[in-house]
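Below is one structure, written out as structure tokens; comments come after it.
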Amino acid sequence: MPSSTKREAILTTLHQIPAGKVIAYGQLAAAAGLPGAARLVGRVLGELPEDSQVPWHRVVSAQGKISLPPDSSGFIEQERRLRAEGVNCVNGKLSLKRYQWSG
DNA sequence: CAGCAGGCGGCAC
DNA sequence: AGTGCCGCCTGCT
């Protein structure tokens with residue numbers, strides 16, 4: 001499987017996440033057919049421009065926390081977008097029980 | 001709650 | 001084509 005396809009698989013899967021829901025890196029990787037490749041997801045998202053159409057902000061760590069430095073612009077933006085979708089995100093933390101997506 | 005090793009893919013040499 | 005290092009991770013000490 002071409003690497004470009006794997007990247008697409010991740011982005012395609014990500015597009016399926018509805019607003020107001022979140023997904024963990026590992027969960028997304030698995031859903032994209034790449035179990036265990038959580039870190040790959042992080043890298044792919046890191047290459048996306050902040051104003052990308054991709055809902056990268058719906059991806060959080062398996063602990064239900066934003067996996068970015070709290071003082072980074074990305075962190076601010078992610079929490080802002082999540083709140084805009086109705087996700088109660090405080091200090092980069094949220095309840096997976098309530099917002100985790102499951103296809 | 002912090003620290004560490006494990007597992008998967010991408011990329012540079 | 002082979003090898004090694006690195007990451008917006010994870011789960012277990």
Side-chain angles (χ1 to χ4, degrees):
Chain A
M1 186 190 266
S3 60
S4 58
T5 306
K6 294 179 182 176
R7 200 180 68 104
E8 283 178 34
I10 290 173
L11 297 179
T12 299
T13 303
L14 183 50
H15 272 130
Q16 297 175 47
I17 312 300
K21 289 292 180 181
V22 299
I23 188 172
Y25 288 88
Q27 195 188 350
L28 174 54
L34 301 168
R39 301 182 83 167
L40 171 63
V41 174
R43 174 182 292 222
V44 171
L45 295 187
E47 294 177 343
L48 295 173
E50 253 183 51
D51 61 343
S52 174
Q53 304 289 330
V54 181
W56 56 271
H57 55 281
R58 295 186 193 146
V59 185
V60 298
S61 75
Q63 286 72 234
K65 299 189 299 183
I66 291 179
S67 190
L68 286 171
D71 57 329
S72 68
S73 62
F75 177 96
I76 309 283
E77 184 62 17
Q78 180 164 16
E79 182 169 293
R80 209 173 70 116
R81 293 197 189 186
L82 286 176
R83 287 196 171 207
E85 296 182 350
V87 176
N88 186 8
C89 184
V90 183
N91 292 324
K93 295 178 298 185
L94 56 83
S95 170
L96 284 180
K97 292 293 182 183
R98 285 164 52 125
Y99 305 113
Q100 183 168 55
W101 179 76
S102 51

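Quick note: numbers below take in every heavy atom, side chains included, and nothing from hydrogens, waters or symmetry partners. Since the structure is predicted, the reported quantities are computational estimates derived from the model, not experimental observations. Just so we're on the same page: letters track the sequence lines, and every chain starts at 1.
- Note on Leu45(A) and Ile17(A): same hydrophobic cluster, where clusters join Ile, Leu, Val, Met, Phe, Trp and Tyr whose side-chain heavy atoms are under 4.5 Å apart, directly or indirectly.
- Under a hydrophobic clustering in which Ile, Leu, Val, Met, Phe, Trp and Tyr are joined whenever their side-chain heavy atoms come within less than 4.5 Å, directly or via other members, Val60(A) and Trp56(A) fall into different clusters.
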*For DNA chain C, just give me the dot-bracket, please: Watson-Crick or G-U, both distances below 3.5 Å, ( ) intra-strand, [ ] crossing earlier pairs, | paired with another strand, . unpaired.*
.||||||.|||||
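- For Ser61(A) and dC9(C), the shortest distance from a side-chain N or O to OP1 or OP2 is not below 4.0 Å.
- A pairwise comparison of heavy atoms in Leu28(A) and Thr13(A) identifies CD1-CG2, 3.4 Å as the closest pair.
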Close N or O pairs between protein and nucleotides 5-8 of chain B (under 3.5 Å):
residue, atom, partner, partner atom, Å
dG6(B), O6, Arg39(A), NH1, 3.2
dG7(B), N1, Arg39(A), NH1, 3.1
dC8(B), O4', Gly36(A), O, 3.2

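- Contacts between residues 95-103 of chain A and DNA chain B, defined by a heavy-atom separation under 4.0 Å, are absent.
- Clustering ILVMFWY residues whenever any of their side-chain heavy atoms sit less than 4.5 angstrom apart, transitively, puts Leu40(A) in the very cluster that holds Leu14(A).
- A donor-acceptor pair is defined here as one N or O able to donate and one able to accept, closer than 3.5 Å; such a pair exists between the side chain of Gln27(A) and the backbone of Trp101(A).
- Sorted by residue number, the members of residues 45-52 of chain A with any non-hydrogen atom under 4.0 Å from DNA chain C read Leu45(A), Gly46(A).
- When all heavy atoms of Asn88(A) and Tyr99(A) are compared, the pair lying nearest together is N-OH, 3.1 Å.
- Hydrophobic clustering, with ILVMFWY side chains joined whenever heavy atoms are under 4.5 angstrom apart, groups Leu34(A) together with Val41(A).
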For residues 74-82 of chain A, run the donor-acceptor check on the side chains, cut-off 3.5 Å, and write out each pair with its distance to 0.1 Å, sequence neighbours left out.
residue, atom, partner, partner atom, Å
Glu77(A), OE2, Arg81(A), NE, 2.9
Gln78(A), NE2, His57(A), O, 2.9
Gln78(A), NE2, Val59(A), O, 2.8
Glu79(A), OE1, Asn91(A), N, 3.4
Glu79(A), OE1, Gly92(A), N, 2.7
Arg81(A), NH2, Glu50(A), O, 2.7

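- Atom CD of Gln63(A) is separated from atom P of dC9(C) by 10 Å (rounded to the nearest Å).
- Rounded to whole angstrom, the span from the CG atom of Asn91(A) across to the P atom of dC1(B) amounts to 12 Å.
- Atoms CZ (Arg7(A)) and C1' (dC11(B)) sit 14 Å apart, rounded to a whole Å.
- With sequence neighbours left out, the side chain to side chain contact (heavy atoms under 4.5 Å, CB included) criterion links Ala84(A) to no other residue.
- Note: CD1 (Ile10(A)) to P (dG9(B)) measures 10 Å, nearest angstrom.
- A salt bridge is absent between Glu85(A) and Lys21(A): the closest approach of a Lys/Arg side-chain nitrogen to an acidic carboxylate oxygen does not fall below 4.0 angstrom.
- Looking at Thr12(A), its side chain does come within 3.5 Å of a backbone N or O of Glu8(A) through a donor-acceptor pair.
- Glu8(A) has its CD atom 12 Å from the P atom of dG10(B), to the nearest Å.
- Spacing between atom NZ of Lys6(A) and atom C1' of dG10(B) amounts to 9 Å, rounded to whole angstrom units.
- Ala24(A) comes within 4.0 angstrom of the backbone, heavy atoms only, and of no base.
- The minimum heavy-atom distance linking Ile66(A) with Cys89(A) is given by the pair CD1-SG, 4.1 Å.
- Panel note: side chain Arg7(A), backbone Val44(A); no donor-acceptor pair is recorded below 3.5 Å.
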